[in-house]
Colleague: 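Next up is a structure, given as structure tokens.
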Protein chains: 2
Amino acid sequence: MFSTSCHYALQAMIYIALRSGKDKNVDLASIAEELDIPKHFLSKILQLLVKNKLLLSMKGPTGGFKLSMPASRINLIKVVEVIDGLDVFNRCGIGFKQCDDSSPCPIHFEFSQVRQQVEEIFETKTLEQLTTDIEDGNSLVSLGLSTKIKK
Amino acid sequence: MFSTSCHYALQAMIYIALRSGKDKNVDLASIAEELDIPKHFLSKILQLLVKNKLLLSMKGPTGGFKLSMPASRINLIKVVEVIDGLDVFNRCGIGFKQCDDSSPCPIHFEFSQVRQQVEEIFETKTLEQLTTDIEDGNSLVSLGLSTKIKK
DNA sequence: TAATGGCATGAAGTAGAAAACATGTCTTTT
DNA sequence: AAAAGACATGTTTTCTACTTCATGCCATTA
Ligand code: FES
Ligand code: FES
């Protein structure tokens, strides 16, 4: 459904939300290692997120990344928008060039409906909700990673 | 969501269901032209479908492709299975390597639910239903193509 | 102010999907 | 039996997403 870059971006944002704080940055190497993402590739993706004002970056020792605004104000769709663009939520299920009610493919009406549900999930879920879920042990950030995270 | 090959395969199957008959084959060139798919590329995809018993092919003049069984017995998921494989319906929405209830990513429970709805659409919809929809003018086979098709 | 640890940037390399090409083989028609 | 029209097969090329490499730049710290 999304590109690898987008997957990486989403995972990284969640991870940063979890591990950074007002005065605490998370550095690239840690994110890359913990999420098992190629470091230099992730670097480019995070730079995009910085450029689009979802992240702040600091150079130098103690530098790294942190959220540019409260986790409660960042939903997943903002991340998708920056990396893959929003038209992923408007693509035909069987590859028609156009997808709208006026030129429907044979599965258009059913498909566009569930596609909208996905969009709503990404619209509704904020980084804050996700980190809460993770801290409560209801979900994971990455496979190898312990769910027990000290606040 | 699916690969281009898979899109092409789905479109072609629908088109063949619509235009072929017990004694009527549809030839590659027509399909490729009408659906605007690169001819040689489509050829390979149809060969895969032949190999997997969803299509029959005939050589020589009057040759071409037709369904290997009644349109009512072919659902879309069979086509997806041959081209992309069934695990597209089991992939994590944010790119986790594994997706199951025991190691859920932060959106797993919501996401896997709508993903299953998509699977059900592809499971339920048969080529017969789709061609009926098209013949009734409720949907289209391809953008440039008239919906009025003589039975 | 020099050293160090971090991000920023651009170029280069890889792999796999997508597309194009060339040739072979079969079947109908004449 | 020959010609022509179609699918079958294998190779090559192109494109793009993904990954890596090399270097520059900036801020903290000693
Ligand atoms: S046209 Fe196919 S899903 Fe809308
Ligand atoms: S683990 Fe992410 S959707 Fe199931």
Side-chain angles (χ1 to χ4, degrees), chain A residues 1-12 15-16 19-20 23-33 35-68 80 82-85 88 95 97, chain B residues 1-13 15-16 19-20 23-68 80 82-85 88 95 97:
Chain A
M1 176 140 202
F2 304 110
S3 70
T4 329
S5 299
C6 194
H7 286 157
Y8 290 165
L10 289 164
Q11 292 180 29
Y15 185 83
I16 292 170
R19 292 295 179 88
S20 76
D23 285 324
K24 176 144 183 286
N25 297 315
V26 193
D27 69 292
L28 179 66
S30 310
I31 311 173
E33 189 186 359
L35 299 179
D36 194 26
I37 299 175
K39 186 170 143 188
H40 295 89
F41 188 30
L42 179 59
S43 169
K44 300 246 156 101
I45 296 169
L46 296 189
Q47 282 161 38
L48 252 182
L49 293 170
V50 170
K51 239 179 227 147
N52 285 272
K53 320 268 190 215
L54 293 184
L55 286 179
L56 293 179
S57 66
M58 299 298 207
K59 292 184 178 178
T62 78
F65 298 88
K66 66 179 164 195
L67 301 184
S68 68
V80 174
V82 168
I83 306 297
D84 278 358
V88 293
K97 319 218 193 291
Chain B
M1 175 141 201
F2 304 111
S3 69
T4 335
S5 299
C6 194
H7 286 157
Y8 290 166
L10 289 164
Q11 291 180 29
M13 285 298 283
Y15 184 83
I16 292 170
R19 292 295 180 87
S20 75
D23 286 324
K24 176 144 183 284
N25 297 315
V26 193
D27 69 292
L28 179 66
S30 311
I31 311 173
E33 189 185 359
E34 200 113 49
L35 299 178
D36 193 26
I37 299 175
K39 187 171 142 188
H40 295 91
F41 189 29
L42 179 59
S43 169
K44 298 246 157 97
I45 296 170
L46 295 188
Q47 282 162 38
L48 251 182
L49 293 169
V50 170
K51 239 179 227 146
N52 285 273
K53 319 268 191 217
L54 294 185
L55 286 180
L56 293 179
S57 65
M58 300 298 206
K59 291 183 178 180
T62 78
F65 299 88
K66 66 180 163 194
L67 301 182
S68 68
V80 174
V82 167
I83 307 295
D84 277 358
V88 293
K97 320 220 191 292

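Hydrogens, waters and symmetry mates play no part in the numbers below; they use all other heavy atoms, side chains included. Protein chains get the first letters and strands the later ones, always in sequence-line order, with residue 1 at the start of each.
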Colleague: CZ of A:Phe41 versus C1' of C:dA12: gap in Å, rounded?
Modeller: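 Rounded to the whole Å, the gap is 15 Å.
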Colleague: Mind jotting down which residue pairs meet the side-chain hydrogen bond (donor to acceptor under 3.5 Å, both in side chains) criterion with at least one end in residues 37-56 of chain B? Sequence neighbours excluded, please.
Modeller: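 Of all non-adjacent pairs touching residues 37-56 of chain B, those that pass side-chain hydrogen bond (donor to acceptor under 3.5 Å, both in side chains) are B:Ser43-B:Gln47.
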Colleague: Polar atom pairs between nucleotides 3-10 of chain D and protein, under 3.5 Å, N or O only, would you list them?
Modeller:
unit_1 : atom_1 : unit_2  : atom_2 : d
D:dG5  : N2     : B:Gly60 : N      : 3.3
D:dC7  : OP1    : B:Leu28 : N      : 2.7
D:dC7  : O3'    : B:Ser57 : OG     : 3.3
D:dA8  : OP1    : B:Ser57 : OG     : 2.6
D:dG10 : O6     : B:Lys44 : NZ     : 2.8

Colleague: Residues in side-chain contact (heavy atoms from CB on, under 4.5 Å) with A:Ser68, at least two apart?
Modeller: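 Once residues adjacent in sequence are excluded, the partners of A:Ser68 under the side-chain contact (heavy atoms from CB on, under 4.5 Å) criterion are A:Leu56.
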Colleague: Would you indicate which nucleotide in D:dT20, D:dC18, C:dA19 comes nearest to any side-chain atom of B:Pro38?
Modeller: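 Selected nucleotide: C:dA19.
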Colleague: Rounded to whole angstroms, how far apart are CD1 on A:Ile45 and P on D:dT20?
Modeller: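 Between P of D:dT20 and CD1 of A:Ile45: 12 Å.
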Colleague: Between the main-chain N or O of B:Arg19 and the side-chain N or O of B:Lys24, is there a donor-acceptor pair closer than 3.5 Å?
Modeller: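 Confirmed, B:Lys24 side chain pairs with B:Arg19 backbone.
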Colleague: Whole angstroms only, please: what is the CG-P distance between B:Leu56 and C:dT27?
Modeller: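 It works out to 14 Å between those atoms.
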Colleague: Could I get the full list of side-chain contact (heavy atoms from CB on, under 4.5 Å) partners for B:Pro38, not counting sequence neighbours?
Modeller: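 For B:Pro38, the residues satisfying side-chain contact (heavy atoms from CB on, under 4.5 Å) (neighbours in sequence not counted) are B:Tyr8, B:Phe41.
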Colleague: Among all residues two or more places apart in sequence or in another chain, which pass the side-chain hydrogen bond (donor to acceptor under 3.5 Å, both in side chains) test with B:Ser30?
Modeller: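 Only B:Asp27 meet the side-chain hydrogen bond (donor to acceptor under 3.5 Å, both in side chains) criterion with B:Ser30.
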Colleague: Between A:Leu42 (CG) and C:dG6 (P), how many Å, whole number?
Modeller: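 Atom-to-atom, A:Leu42 to C:dG6, this comes out as 15 Å.
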Colleague: Who pairs with A:Phe65 by ring pair (Phe, Tyr, Trp, His ring centres under 6.0 Å), at least two apart in sequence or on another chain?
Modeller: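 For A:Phe65, no residue satisfies ring pair (Phe, Tyr, Trp, His ring centres under 6.0 Å) once neighbours in sequence are set aside.
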Colleague: Grab the CZ-C1' distance between B:Phe2 and C:dA18 for me, whole Å please.
Modeller: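 My rounded result for the distance is 19 Å.
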Colleague: Specify the separation, in whole Å, of atom NZ of A:Lys39 and atom P of D:dA22.
Modeller: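 Taking NZ of A:Lys39 and P of D:dA22, I get 14 Å after rounding.
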Colleague: Without decimals, in angstroms, what is the distance between A:Tyr8 OH and D:dA17 C1'?
Modeller: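 Nearest whole value for this atom pair: 11 Å.
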